[in-house]
Number of protein chains: 2
Amino acid sequence: MKDVAEIAGVSVSTVSRVISGKFAVEEGTASRVRSAILQLDYRPNLLAWGLRSRSGKFIGLVIPGIHEPFATMIGLLEEYVTRGGYSLLFGNTESGPEKENIFIDDLISRHVDGIVFSGVSEKSLALPKLAGTDIPIVLFDRVFNARENVVTVALNNEAAGRLAARYLVGLGHRRVATITGPPDLNLCKDRLHGFKDEVSRLGAALDERDIEVGDFSFDAGLKASQALFARKSAVTAVWAQNDLMAIGLMRGLASLGKRVPRDVSIVGADDIPFARMTVPSLSTVRQPFEAMCRQAVSSLLGYDDLSRSANRHFAFDPELVRRESAQSP
Amino acid sequence: MKDVAEIAGVSVSTVSRVISGKFAVEEGTASRVRSAILQLDYRPNLLAWGLRSRSGKFIGLVIPGIHEPFATMIGLLEEYVTRGGYSLLFGNTESGPEKENIFIDDLISRHVDGIVFSGVSEKSLALPKLAGTDIPIVLFDRVFNARENVVTVALNNEAAGRLAARYLVGLGHRRVATITGPPDLNLCKDRLHGFKDEVSRLGAALDERDIEVGDFSFDAGLKASQALFARKSAVTAVWAQNDLMAIGLMRGLASLGKRVPRDVSIVGADDIPFARMTVPSLSTVRQPFEAMCRQAVSSLLGYDDLSRSANRHFAFDPELVRRESAQSP
DNA sequence: TTGTAGGCGTTATCAC
DNA sequence: GTGATAACGCCTACAA
């Protein structure tokens with residue numbers, strides 16, 4: 001910038017003003033400055049800019065893995081974040097709390113302007129630490145009650161459970177099973193509660209022994225297929241709390257010689273890109289990730305307004321996607 | 001930091017020295033400083049640090065999408081990058097060259113310490129621009145000859161084609177087909193050449209009309225299933241140049257009533273996580289992404305050594321993964 | 001071993 | 001409308 005000023009024969013302040021465009025500069029000098037910028041291929045130094053303005057101009061993203069649906073989330077968030085003129089700094093905390101800790105410290109040190117947080121477990125060490133700072137946070141898909149002034153973006157999980165139940169029982173299934181995610185996650189409890197309640201409300205049966213506990217992985221679905229169907233079973237339909245487990249279940253059922261959906265109907269949750277690619281394609285309870293990510297980013301960018309408003313919790317309604325993996329028994 | 005110095009009763013330089021640990025500091029003062037740091041919950045400002053050291057302490061990643069296998073790449077690179085004490089700044093250039101341009105400018109402005117580049121097309125506008133800077137670059141999976149001193153990490157693509165051919169023909173297939181990626185990408189040409197050459201060398205047939213041109217997407221595979229098998233065909237095996245197209249092909253074949261592998265054998269490339277999840281599971285030519293990403297990062301971190309050495313191009317050998325989607329005809 | 005001073009590239013505040 | 005100057009938080013000669 002000093003060089004630019006020299007070439008254009010003006011002071012650095014004038015150069016700064018031309019660049020920002022927020023102040024009046026005579027057209028003649030302005031164009032001299034512009035051509036000097038071009039000539040030198042000058043680029044502003046965001047580090048220096050950030051130092052002065054106390055803003056790194058980026059958004060941090062904390063997620064517990066790169067598998068779906070997180071990969072989709074990363075893509076969506078990146079789009080909205082860059083569109084807002086920020087950059088995405090992302091960290092995978094799958095490997096444990098130490099990594100999470102390091103990453104959060106890094107985000108603070110870099111003066112991020114906001115964080116989208118979706119931790120592995122709900123008892124994360126990071127949130128209390130973040131509470132000490134003034135960094136805007138959005139909790140994605142995880143609902144805590146630790147911090148009062150935190151913004152929350154999540155699926156209406158109970159409704160998701162009810163939707164799956166209504167679909168399956170409506171199809172005519174009388175005896176259903178389910179595979180849950182990690183039980184320490186509130187969202188799993190909510191989904192299970194909605195599912196359970198709606199199933200019994202509609203007069204169908206969900207035996208306690210037909211509730212398998214998984215961890216949202218393909219292998220958990222595989223294992224559940226054994227637990228549920230290795231012996232003869234009266235269950236004709238299963239809801240898995242995410243697509244990956246549903247796909248694992250389908251895969252396991254194929255190995256067991258059971259046909260989907262003829263012998264067993266399956267419904268997943270999320271609607272990851274892969275759901276339409278399987279054979280049979282997977283019916284699922286869709287999470288509107290696009291709207292959710294958009295909301296997360298816009299909450300971050302207009303954070304102050306929100307923190308003063310009462311409405312800081314955004315619950316999105318799930319949507320049923322009918323494909324091939326479920327039918328009437 | 002000023003505050004820390006005040007509390008500890010020392011000067012800022014002493015605090016700096018304690019933090020860096022590179023200089024001798026008396027144990028007494030050092031511990032006073034440390035407790036002051038703890039007391040104030042002080043965190044160094046990476047923006048200021050970067051301004052002085054002219055290093056943002058991060059690595060940029062430019063990729064043409066978040067679908068597989070890029071999602072896996074992101075995860076792997078993030079791991080190696082953070083392990084080296086850097087952060088990952090990533091941008092998806094799927095939406096076009098303007099976005100790529102903006103992102104690259106941002107990376108330069110942020111003083112990234114290196115860039116892993118995997119563009120959509122090989123005629124990217126970004127490379128020439130980057131050539132003007134001294135930022136270390138690693139070209140991932142894309143081979144250009146634009147820049148002499150660029151580091152390259154890629155699969156041995158011709159070998160991948162040969163491997164697929166040997167496997168399929170070895171199984172007994174006499175008439176094979178293939179689906180390629182975008183023809184303007186060198187890697188696709190290389191894969192095709194290897195496949196073609198090896199097929200004919202082994203005395204099997206690959207008709208020109210049985211070479212479908214795709215774009216690495218699921219839908220391209222779907223379309224190819226129509227083009228190849230909607231009418232009666234003598235082809236009994238297909239190699240798709242990536243897994244996503246192979247999965248699309250399987251999906252299309254199922255809709256056509258053809259069974260895999262009984263009627264048609266299929267082999268993919270990449271070995272994305274989903275390859276083992278499909279029914280039937282997908283046999284494929286594996287790209288050793290882990291080793292490739294590790295190499296990319298370590299090339300970036302030790303760039304200077306490499307730029308002086310002759311060996312700046314790393315080609316990794318593919319590996320055959322036998323699963324269920326291919327068998328003898 | 002420790003302190004002082006200057007500068008990294010910006011922008012904001014004051015003069016002119 | 002424009003220029004000098006201070007300050008953001010850090011590091012590093014150089015001095016003490």
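The sequence lines fix the lettering, A, B, ..., with proteins before strands; numbering per chain opens at 1.
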[N] [atom2] sits how many Å from [X] [atom1], rounded?
X: A:M1; N: C:dG7; atom1: CE; atom2: P; value: 17 Å
X: B:R17; N: D:dC14; atom1: CZ; atom2: C1'; value: 11 Å
X: B:R52; N: C:dG6; atom1: CZ; atom2: P; value: 14 Å
X: A:F23; N: D:dT2; atom1: CZ; atom2: P; value: 13 Å
X: B:L51; N: C:dG7; atom1: CG; atom2: P; value: 14 Å
X: B:K2; N: D:dC10; atom1: NZ; atom2: C1'; value: 13 Å

Do the side chain of A:S16 and the main chain of A:V12 share a donor and acceptor less than 3.5 angstrom apart? no

Short side-chain N/O contact from [X] to OP1 or OP2 of [N], under 4.0 Å:
X: A:T29; N: D:dT2; value: yes
X: B:S53; N: C:dC8; value: no
X: A:S16; N: C:dT10; value: no
X: B:R54; N: C:dG9; value: yes
X: B:S11; N: C:dT4; value: no

Looking only at side chains, do A:N45 and B:S109 share a donor and an acceptor under 3.5 Å apart? no

What orientation do B:F58 and A:F58 show, parallel under 30°, tilted 30 to 60°, or perpendicular over 60°? perpendicular

Which of parallel (below 30°), tilted (30 to 60°) and perpendicular (above 60°) describes A:F90 and B:F90? perpendicular

Given [options], which nucleotide is nearest the side-chain atoms of [X]?
X: B:W49; options: C:dT11, C:dA12, D:dC10; result: D:dC10
X: A:A24; options: D:dG1, D:dC11, C:dT11; result: D:dG1
X: B:S13; options: D:dG3, D:dT12, D:dG9; result: D:dT12
X: B:E26; options: D:dC10, C:dT2, C:dT11; result: C:dT2

How is A:V10 classified with respect to the nucleic acid when contacts are heavy atoms under 4.0 Å: base, sugar-phosphate, or nothing? sugar-phosphate

